[in-house]
Amino acid sequence: MSRTVETDVCIIGGGPAGLILGMMLAKAGVRVSVLESQHDFHREYRGEVLQPRFLQLMEELGLRSYIESLPSSKVRSGAFYYKEKRLAEFQFDRFSEEIPYALWVPQPILLGALYEKTRELPSFDLLFQASVTGLLQEEERVCGVRVDTPDGELTVRAKVTVGADGRFSAVRRLGGFEMEYENHSGDLIWFSVPQPADWGEGLRIKLTDGHPMIILPKYPDLLQVGLAVPPGEWRAIKSRGVDAFRRELLGAHPAFQSFAEELHDFKPFVLLQAKTFFVREWARDGCLLIGDAAHCASPIGAVGVSLSAATAAAAADVIYGALQDGDVSAARLGLVQERRSGEMRSVHRIQERGAKVLFASTSFVRSLAPVIISLGGRLNLVSRLQRRILLQPEPLGVHPRFRFDA
Ligand SMILES: Cc1cc2nc3c(=O)[nH]c(=O)nc-3n(C[C@H](O)[C@H](O)[C@H](O)COP(=O)(O)OP(=O)(O)OC[C@H]3O[C@@H](n4cnc5c(N)ncnc54)[C@H](O)[C@@H]3O)c2cc1C
């Protein structure tokens, strides 16, 4: 049987963007329904490194010490290597004295903690196993969604419908939103291995004669490794068979030895397409896209969560004002894009430059990469670019009505 509920703001997707928008609006007293297709927050290999810019936003929301009290580890430094030779290094305290580290928080813990803070708010509601299948429209205005649930079809009518449903957004597709650009520079093949006792709190980006790799200390006691391959190469690697890949891993780093020796198939690997894309117009009358649905960042710099969270914060402010004024037009909701697009485009440009080195498919560029990085390190260029990616250039100016310590 079909049921209908009404709310002010219907948010599709209970990822970082959807939950942060939902919690901010509910804190300000706006009626919010978040619809999440999964049955819980559990997910592997998703946005676990929270950069200083995420903690800057949490500070503004009065939630920084709450987030930092979660089970987590700190990443304080990083280094670029060519084989065993250190080419360049950086310390997070050079980017920010106030937040001299990134935080590794497993995403289920982060999302669960955000939900805990929000579920007590009377105007907040979250429904799991609620998969959006259609948009309700009156003439050109979006006025809610049709949802598949275990109890049958649900209709949610809303003044504002927000697509926070990630890089494969159904709302984007259903709403006919168009891409302005989309670049697929390469793929990261993720896997985890035990962390050696003397690893420390640093991440490493390692160039080899084979595939470059990013190695991150993963909470609580693992290393998460991302092997960078040009687009399409993962299929070729798989067709050469697991024995050949095992040999590459055994030669790549001593910490991979036990993992590689026990490898029987490709099941332990997760592929992430390193894509940047940007939706041309994020808003239609009554409808807005935020987070990865609107502006997907590549894994370079691990900033997807932080950027999605910042857009959610801008959206909370714009939607609150739009509801107050009774104007949920595309022009009004589009103010979110106006506030956020400059920064998103700039981060994408930096990521695209990094991707040319990390995912290089020709041996010529691969052989130049160590020289480019060493030179970039000596000229302080790497640090300057990192600072622009990892830190919010200025406070987002969160209004006290959205703060959790107010
Ligand atoms: C392998 C991997 C590693 C990453 N590592 C990092 C990292 O270390 N640091 C970092 O900052 N970023 C990282 N990212 C990027 C980061 O995860 C994303 O940028 C971030 O999660 C985007 O947040 P979001 O809320 O916009 O979308 P998502 O986190 O994708 O959330 C979207 C939500 O919408 C739900 N949904 C989808 N379709 C529907 C539907 N039809 N109906 C209802 N719900 C729906 C999904 O289940 C999901 O919960 C990584 C991404 C991947 C894939």
Side-chain angles (χ1 to χ4, degrees), residues 10-22 33-55 57 75 102-108 110-111 114-115 126-135 145-149 154 156 161-175 187-192 203 214 216-219 224-227 269-277 279 282 288-312 315 340 344 347 351 389-390:
C10 175
I11 300 170
I12 296 91
L19 279 187
I20 288 171
L21 173 62
S33 289
V34 178
L35 305 172
E36 167 54 49
S37 57
Q38 303 297 311
H39 62 274
D40 60 22
F41 292 126
H42 190 78
R43 42 189 88 183
E44 186 64 282
Y45 294 110
R46 298 300 301 281
E48 314 225 316
V49 181
L50 303 177
Q51 297 295 358
R53 58 162 65 228
F54 182 83
L55 296 172
L57 171 60
V75 182
L103 213 58
W104 186 293
V105 184
Q107 203 172 97
L110 173 71
L111 298 179
L114 295 175
Y115 184 39
L126 182 143
L127 199 59
F128 284 111
Q129 293 183 281
S131 199
V132 165
T133 55
L135 293 184
V145 285
R146 271 191 300 280
V147 192
D148 250 3
T149 78
L154 173 71
V156 182
T161 300
V162 180
D165 49 346
R167 51 165 52 202
F168 304 109
S169 171
V171 177
R172 189 176 66 229
R173 177 174 41 80
L174 294 165
D187 298 326
L188 278 182
I189 312 302
W190 290 109
F191 58 98
S192 298
L203 66 87
I214 303 169
L216 300 148
K218 174 183 172 98
Y219 177 84
Q224 183 168 311
V225 186
L227 208 66
F269 302 99
V270 171
L271 177 135
L272 168 64
Q273 289 189 329
K275 277 191 174 180
T276 51
F277 64 70
V279 171
W282 300 358
L288 173 70
L289 299 179
I290 63 167
D292 274 13
H295 52 62
C296 186
S298 111
I300 290 180
V303 277
V305 170
S306 309
L307 296 169
S308 294
T311 301
R340 294 288 302 139
M344 285 310 313
V347 170
Q351 290 185 322
I389 284 201
L390 304 184

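Just so you know, ligand 1 is whichever comes first in the structure, and atom 1 is the first atom listed for that ligand.
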Point-to-point distance, once rounded to the nearest 0.5 Å, from CD1 of Ile290 to CD1 of Ile20 = 9.0 Å
For the residue pair Trp282 and His295, does the interplanar ring angle fall in the parallel (under 30°), tilted (30 to 60°) or perpendicular (over 60°) class?
-> tilted
By number and element, which atoms of ligand 1 are closer than 4.0 Å to a non-hydrogen atom of Gly291?
-> 26 (O)
List the steps, then state whether side-chain contact (heavy atoms from CB on, under 4.5 Å) holds for Leu19 with Leu111.
-> CA-CA 7 Å; Leu19 279 187; Leu111 298 179; 3.8 Å; yes
Atoms of ligand 1 under 4.0 Å from any heavy atom of Ala170, numbered from 1 in the order shown, are 41 (N)
Could you name the option among Glu36, Gln273, Gln38 that has the heavy atom nearest to atom 46 (C) of ligand 1?
-> Glu36
For Ser37 and ligand 1, does the shortest N/O to N/O distance drop below 3.5 Å?
-> yes
Heavy-atom check, side chain of Gln107 versus side chain of Phe41, under 4.5 Å | no
When rounded to the nearest 0.5 angstrom, what is the spacing between CZ in Arg173 and CG in Leu135?
-> 9.5 Å
Measure the distances from the heavy atoms of Ala164 to every atom of ligand 1 and state whether one is below 4.0 angstrom.
-> yes
Out of Gly166, Gly226, Pro16, whose heavy atom is nearest to atom 29 (O) of ligand 1?
-> Pro16
Nearest atoms (heavy-atom pairs only) where Ala17 meets Ala312 | O-CB, 3.4 Å
Tell me which one of Val303, Asp292, Leu19 gets a heavy atom nearest to atom 20 (C) of ligand 1.
-> Asp292
Between Leu272, Thr311, Val147, flag the one that comes closest to atom 53 (C) of ligand 1 by a heavy atom.
-> Leu272
Test side-chain contact (heavy atoms from CB on, under 4.5 Å), reference Leu35, set Thr149, Val145, Leu126, Ile11, output is Val145
For ligand 1, which part of Ala130 has a heavy atom less than 4.0 Å away: the side chain, the backbone, both, or neither?
-> backbone
Hey, which atoms in ligand 1 end up nearer than 4.0 Å to a heavy atom of Ser308?
-> 22 (C), 23 (O), 26 (O)
Ligand 1 versus Phe54: contacting region, heavy-atom distance under 4.0 Å = neither
Heavy atom of Ile12, distance to ligand 1 below 4.0 Å | yes
Options Gly304, Ala309, Ser298, ranked by nearest heavy atom to atom 15 (C) of ligand 1, top entry = Gly304
Is it true that a side-chain atom of Gln51 and a backbone atom of Ala102 form a donor plus acceptor pair closer than 3.5 Å?
-> no
Report yes or no: does Asp148 contribute a side-chain atom to a donor-acceptor pair with the main-chain N or O of Thr133 at less than 3.5 Å?
-> no
Indicate yes or no: does an N/O atom of Val270 lie under 3.5 Å from an N/O atom of ligand 1?
-> no
Which atoms of ligand 1 sit under 4.0 Å from any heavy atom of Leu35?
-> 43 (C), 44 (N)
Is there a donor-acceptor contact under 3.5 Å from the side chain of Arg53 to the main chain of Ile389?
-> yes
Ligand 1 versus Ala302, non-hydrogen atoms closer than 4.0 Å: side chain, backbone, both, neither?
-> both
